[in-house]
Amino acid sequence: MAWEVRPARTSDIRAISALVTPLVEQRVLLGKDLVVLFESVQEFVVAVTADGTVIGCGALHVFWEDLGEIRTLTVAPDFQQQGIGRALLGALEGQARELGLRRLFCLTFEEKFFESNGFTHHDDTLVDAEVYVELVRSPDEGIAEFLDLARVKPNTLGNSRLVKTLSV
């Protein structure tokens with residue numbers, strides 16, 4: 001079946017929510033309220049079939065001037081193993097480069113997928129103390145997970161921390 005990757009539109013948000021809800025229920029992804037998904041629509045790319053059905057999604061969330069997070073990357077079960085996840089990740093990495101990001105971070109259970117796309121395990125601090133002080137002010141739960149703050153310990157989902165340095 002033919003599909004394409006494109007920036008998400010507000011009309012895709014309910015489909016994105018439906019796609020990720022089972023993974024939230026399985027504690028694979030952090031849940032986001034519908035309003036938060038609408039507020040972050042510009043962070044998302046989607047994979048859609050010719051008839052417009054959303055079959056995959058992913059988001060790029062900027063943390064700092066050189067660091068972003070790959071979030072909510074998923075593909076519908078019936079469409080996995082077709083290169084859609086790789087295409088979504090590629091689109092997000094392209095956006096990251098355009099924004100000037102040099103490093104991408106993700107919290108994931110899909111270690112093999114991310115490792116095959118250049119990510120490596122990382123348990124050390126990725127930001128210096130000055131940036132940490134700024135990031136800790138964010139109300140974003142993903143940033144709290146990234147910073148490994150006490151209020152999210154142990155890691156809420158039990159997933160792995162991976163990082164990729166982007167080539168310019």
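Keep in mind that the numbers below use all heavy atoms, side chains included, and drop hydrogens, waters and symmetry copies. The first residue in the sequence is number 1, and the count goes up from there.
Between F119 and F114, the ring-plane angle classifies as perpendicular under the 30° and 60° cut-offs.
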Show me the donor-acceptor pairs within less than 3.5 Å that the side chains of residues 32-40 make with the rest of the protein, sequence neighbours left out.
from, atom 1, to, atom 2, distance (Å)
S40, OG, V36, O, 2.8
S40, OG, L37, O, 3.4

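Sparse packing is recorded around CD of E110, with 12 or fewer heavy atoms of other residues, nucleotides or ligands lying under 6.0 Å away. The 12-atom threshold is not exceeded at CZ of R9, counting heavy atoms of other residues, nucleotides or ligands nearer than 6.0 Å.
Under the ring-ring contact (aromatic ring centres under 6.0 Å, His included) criterion, F44 pairs with no residue at all, not counting sequence neighbours.
The backbone N or O of T120 lies less than 3.5 Å from no partner atom in the side chain of K164, so there is not a single donor-acceptor pair. Remark: the backbone N or O of S17 is paired with a side-chain donor or acceptor of T21 at under 3.5 angstrom. Of the possible polar contacts, one joining the R97 side chain to the S167 backbone as a donor-acceptor pair under 3.5 Å is found.
The structure places CG of L60 at 10.5 Å from CD of E98, a figure rounded to the nearest 0.5 Å.
Summarising the geometry of G85 relative to V75, their closest heavy-atom pair is N-CG2, 3.6 Å, with the distance given to 0.1 Å. Nearest approach of L30 to V24, heavy atoms of both residues: O-CG2, 3.8 Å.
No side-chain N or O of E69 forms a donor-acceptor pair with one of H61 less than 3.5 Å apart.
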